[in-house]
S.K.: 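My questions will all concern the structure given below.
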Amino acid sequence: MAELSLIEALRAGIDESMAADERVFVFGEDVGKRGGVFRVTEGLQAKYGPWRVIDSPLAEGVIVGACTGAAMSGMRPIAEIQFADFIWPAMNQIVSETARIAYRSNGDWNVPLVIRAPYGGGIHGALYHSQSVEAFFAHVPGLKVVVPATPYDVKGLIKSAIADPDPVMFFEHKKTYRLIKGEVPDGDYSVPIGKADIKREGDDLTVITYGLMLHYALEAAEQLAQTDGLNIEVLDLRTVRPLDTEMIFNSVRKTGKVLIVHEDNLTGGIGGELAALIAEHAFEYLDGPIMRLAGPDVPAMPFAATLEEAFMPSPERIAAKIRELAAY
Amino acid sequence: MASTPDTTEQYAGLSNEQLIEMYRQMVLIRIFEEKCQEMYTRAKIGGFLHLYVGQEAVAVGTINALKPEDHIITHYRDHGHAIARGLDTNALMAELFGKATGCAAGLGGSMHLVDVSKNFWGGYAIIGSHLLMACGIGTGLKLQKRPEVIMVFFGDGSTNGGEFYEALNFAQLGKLPVVFVCENNLFAMGTPIAVHTSVQEIYRKACAFDVTSERVDGNDPIATYEATVRAVEHARSGKGPVLLEAVTYRFRGHSAQDTQKYRTREEVEQYRAKDPNQVFRKRLIDDGVMTEEQAAELERQAEAEAQGSVDFADQSPPADEKWLTEGVYANPIEPKF
C-alpha cells in the first residue's frame, strides 16, 4: 500500500496491464517519448518499445479508428485523446463504428478498446481544453462510460476497462491528476465497471456525483456536518453508463432527498437521466424535489479566473444547495 | 477460334479453371443483382438498395488475388464483394429480405452484409469511415506478426473526406498491410467526378504520402487481378499499403430509387455496349478457355442459384425479435430496479 497521486495510480494500472498482456498497447498523441501531455504514459515506451506505445498523428479519427480495427483483430488497445475537447473528430468512429460493431455482427465481433481522455475545467484551459463530454457518450448504447475520481478507483477501473470485452470511454478529470492523492494497494486488483461507491455514509440527504465534483461534495458534506449537524451521504457514480441503479435507489430510499452535482452543463446532462430514473423507481420515497447543481448552459468554459470560478460548482455552492434541499 | 490450350501467359498465370471460376462469379453477381432489383420492385426488399451491376470485374479481379485468410472490409455497395468472397447467396438474399436466416440475422440489410467466418468484415455506410478501421485491422495484423492483408473498398466520393487522408498517412507511417481499392465509378452518388473532386485520377492522391499507387481498368478482370497481385505482394511483404484505383462504371442508379438525372441514357448505353461481363465472356470463348456451352451452363446455374436464394429467403422466418436487444455488449451489465 502506497500513497499515490491519481496520475501515478493510473500509470501503474496501465503499466501492470501492459506487463500482464502483450496485446495491450497505447496509441495517442505524444504518448511515446514525451509520455503524453499530462505524462500519464511516462516511461512506458522506454519499457515496452515503440510498437507498444505508439505516437499517433494529430488526427483523432485515426486514433480511434485504428484502435477499433486493432481491437477487432485481436489486440487490446488504449487510445489516448489528449484532451476530451479534441474527441469530436473521432465522434463518427466512436458512434458509427466502435459502439456498433458487436451489435451489427450479432455479437460475433467485439471491441475491447479503452478510449482515455482528460476532461474538465478549473485549470484555466479555456474554450478548448476544459470541457466535460461524458453525457454525449453516455447516450450511446454499445459504450461503457467510466469517470473515476480517486487513485484507488482509477487504477482498479483502468484494469477493468482494459480487461473488458467492450469499448470503454475512460474520462479522467485533469485537475485531479496531481491534486488528489490516496492509498493504492500494490499489485493487481480491480474495481468493477457499473458499480457506484458510497464515499461518505449519511442519512439526511444523498449527493450523487462523480469526478472532481466528488471531492467538492465531500468537502461540503464535512463542513455541513460541523456547522449544521447534517449527515450527508455522498454517492460516487464512478460509472455513468451503465448507472448503478441498485445503489442509487437504495441510497435514495434511505435518505429521501437527492442532490445531483456535475460540472458538465445542466441540460441533457447525467443529472437529467438520474432524476428521471429516481422519479420512476423511487418516487414514493422522496421527501423533496430532486435537485441538480451543474455547470451553466454555455457552450464552453471561459478563460478568466473569475469566469471559470463562476462556471465550476464549488464546495460552497454545493453546501448552499444542500442546505436549501435539507430545509425543504 | 483460337485453340491454344495454354493461355496462362496472357491471363496473368491464371489457369483455365480459375478463369472460368472468375467468369462464374461475375455472372452470379450480375444475375443476383438483377434478381435483387426485381425483388425490390416487388417490395420483397425494402429500404435502400445499391446494386453492383457493371462493376463486377472489380470485385472479382481483386478478391481472387487474395487468399481466403486475407481480410475484406467494404462500403455499402457490398453484394459483389460478398459474392466474390464466397458468402452464401441464400444468406445474402435472406439478409436483404430481413429474414432470420440472413448473414446478419436480418439486422443489417443490404448495406451491412457481414460474415465473420469468411473474414468479411462487413459493408459500411458512412463514407470513408471504414478506411480507418481497415488501418486498425492492419495494425492488429502487424502487431501480431500475422501474414494476412486487409483489403478495403471505397468509392471515388470517399476520397474527398478527411478519413481517406488520415488512413493513407497512418497506413504508410506504420507500413501496414492494407490494400486500398478505390472503385472509381465516376460518380459520387449523383455528382460526376469532375464536379466532386479536384484531382480526378484518384491514384495520384497517394503521392502526398508516398503510398505506392496504380490505376487500372476496373472493367477488365484480368488487368485488375494482375494489379492486385502486385499490390497484395507489396502489402504482404511489409513494404506498406497500396492504393489501387479501379476505373469502372455502374450501369444502374446509385440506389434503386435513383432517377439518374445526372447522366444521359446514351452515356449509360455506351458503357453497356462494353459490358465487362460480355467482353470477358467473349474473350474466354475466343481464346478457347471455355466453350459457349460452358458459358451458357454457368449462366443457367447462376440463374438457378439466384432464384434459389429468393425461394430460400421467401420461405425463411422473419428476423427474430431477440436480435433487437441482443449483442449490444459482449459483457452486458444489466441495471437492477
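The structure presented is a predicted model; accordingly, all values stated were derived computationally and were not measured. Letters A, B, ... are given to chains in the order of the sequence lines, protein chains preceding strands, and every chain is numbered from 1.
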S.K.: Looking only at heavy atoms and a cut-off of under 4.5 Å, which of A:Gly61, A:Pro192, A:Ala59, A:Pro89 has the most pairs with chain B?
M.R.: A:Gly61
S.K.: Which residues pass the salt bridge (charged side-chain N to carboxylate O under 4.0 Å, His left out) test with A:Glu233, not counting sequence neighbours?
M.R.: A:Lys254
S.K.: Quick check: closest heavy atoms across A:Leu277 and B:Phe337, and the distance to 0.1 Å?
M.R.: CD2-CE2, 3.9 Å
S.K.: Using non-hydrogen atoms only, which part of A:Arg241 is less than 4.5 Å away from chain B: side chain, backbone, both, or neither?
M.R.: side chain
S.K.: Using atom types as modelled and distance alone, determine if a side-chain donor or acceptor of B:Asn331 lies under 3.5 Å from a backbone N or O of A:Pro165.
M.R.: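 No; judged by distance alone, with no hydrogens or angles, the pair does not exist.
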S.K.: Heavy-atom distances under 4.5 Å only: say whether B:Val114 touches chain A with side chain, backbone, both or neither.
M.R.: side chain
S.K.: Which one, A:Leu243, A:Asn92, A:Thr68, A:Val64, leads in non-hydrogen pairs under 4.5 Å with chain B?
M.R.: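 Going by pairs under 4.5 Å, I would pick A:Asn92.
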S.K.: Looking at B:Tyr124, I'd like to know if the NZ or CZ of A:Arg104 sits under 6.0 Å from its six-membered ring centre while staying within 45 degrees of the ring's axis.
M.R.: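 Because its charged atom sits under 6.0 Å from the ring centre and within 45° of the axis, A:Arg104 does stack over B:Tyr124.
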S.K.: Does A:Gln93 use its side chain to pair, donor to acceptor, with the backbone of B:Ser129 at less than 3.5 Å?
M.R.: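 Checked: pair present.
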S.K.: May I ask you to decide if B:Ala330's main-chain N or O and A:Asn110's side chain share a donor-acceptor pair within less than 3.5 Å?
M.R.: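 Here the side-chain-to-backbone pair does not exist.
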S.K.: I would like to know whether B:Ile333 and A:Lys144 meet side-chain contact (heavy atoms from CB on, under 4.5 Å); could you show each step before the answer?
M.R.: CA-CA 9 Å; B:Ile333 303 167; A:Lys144 295 169 180 172; 4.1 Å; yes
S.K.: Once the angle between the rings of A:Trp109 and B:Trp121 is folded into 0 to 90°, is it parallel (under 30°), tilted (30 to 60°) or perpendicular (over 60°)?
M.R.: parallel
S.K.: I'd like to know which of B:Gln144, B:Lys142, B:His71 tops the heavy-atom pair count under 4.5 Å against chain A.
M.R.: B:Gln144
S.K.: Could you check which of B:Cys135, B:Ala104, B:Cys103 has the highest count of heavy-atom pairs closer than 4.5 Å to chain A?
M.R.: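 With the most close heavy-atom pairs to chain A, the winner is B:Ala104.
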S.K.: Would you mind checking which part of B:Leu113 comes under 4.5 Å of any heavy atom in chain A, side chain (CB onward), backbone (N, CA, C, O), both or neither?
M.R.: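 B:Leu113 touches chain A through backbone heavy atoms alone.
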S.K.: Name, in order of residue number, those residues of residues 235-244 of chain B that have a heavy atom at a distance of less than 4.5 Å from a heavy atom in chain A; otherwise write 'none'.
M.R.: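 Within residues 235-244 of chain B, no residue comes under 4.5 Å of chain A, counting heavy atoms only.
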S.K.: Is the backbone N or O of B:Thr325 less than 3.5 Å from a side-chain atom of A:Tyr103, with the two atoms forming a donor-acceptor pair by type?
M.R.: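 Answer holds: no.
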S.K.: Report the C-alpha distance between A:Glu97 and B:Leu132 in whole Å, list the side-chain angles of each, state the deciding distance to 0.1 Å, and finish with yes or no for side-chain contact (heavy atoms from CB on, under 4.5 Å).
M.R.: CA-CA 10 Å; A:Glu97 317 298 4; B:Leu132 295 175; over 6 Å; no
S.K.: So which of B:Ile126, B:Leu131, B:Thr139 has the biggest tally of heavy-atom pairs under 4.5 Å with chain A?
M.R.: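 The answer is B:Ile126.
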S.K.: More than 12 heavy atoms of other residues, nucleotides or ligands under 6.0 Å from CD of B:Glu69: yes or no?
M.R.: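 Buried by this count: over 12 neighbours within 6.0 Å.
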S.K.: If you draw a 6.0 Å radius around OH in A:Tyr189, do more than 12 non-hydrogen atoms from other residues or ligands fall strictly inside?
M.R.: yes
S.K.: Taking atom OG of A:Ser96 and atom CE of B:Met133, what is their separation to the nearest 0.5 Å?
M.R.: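 Between A:Ser96 OG and B:Met133 CE, I get 10.0 Å after rounding to 0.5 Å.
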S.K.: Do you know which of A:Val62, A:Ile101, A:Asn106 has the most heavy-atom pairs with chain B at a distance under 4.5 angstrom?
M.R.: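 Top option by heavy-atom pairs under 4.5 Å: A:Asn106.
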S.K.: Between B:Tyr329 (side chain only) and A:Leu143 (backbone N and O only), is there a donor and an acceptor less than 3.5 Å apart?
M.R.: yes
S.K.: When rounded to the nearest 0.5 angstrom, what is the spacing between CE in A:Met75 and CD1 in B:Ile137?
M.R.: 13.5 Å
S.K.: CZ of B:Phe48: more than 12 outside heavy atoms within 6.0 angstrom?
M.R.: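 Counting neighbours around CZ of B:Phe48, 12 or fewer heavy atoms of other residues, nucleotides or ligands fall under 6.0 Å, so no.
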S.K.: Flag the one option from B:Glu334, B:Glu326, B:Glu166 with the top tally of heavy-atom pairs under 4.5 Å to chain A.
M.R.: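 Ranked by contacts with chain A, first place is B:Glu166.
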S.K.: Against chain A, label B:Asn169 side chain, backbone, both or neither, depending on which of its atoms sit under 4.5 Å from a heavy atom there.
M.R.: side chain
S.K.: Enter the distance from A:Ser73:OG to B:Asn119:CG here, rounded to the nearest 0.5 Å.
M.R.: 11.0 Å
S.K.: Find the one option among A:Pro242, A:Gly142, A:Ala99, A:Pro112 whose heavy-atom pairs under 4.5 Å with chain B are most numerous.
M.R.: A:Gly142
S.K.: So does B:Lys336 get a backbone contact from the side chain of A:Glu246, meaning a donor-acceptor N/O pair under 3.5 Å?
M.R.: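 No, A:Glu246 side chain to B:Lys336 backbone: no donor-acceptor pair under 3.5 Å.
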S.K.: Has B:Tyr40 got more than 12 heavy atoms of other residues, nucleotides or ligands less than 6.0 Å from its OH?
M.R.: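 Atom OH in B:Tyr40 is crowded, with more than 12 foreign heavy atoms closer than 6.0 Å.
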S.K.: Tell me the closest heavy-atom pair linking B:Val328 and A:Pro141, and the distance in Å.
M.R.: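 Nearest pair, atom of B:Val328 first, then A:Pro141: CG1-C, 4.1 Å.
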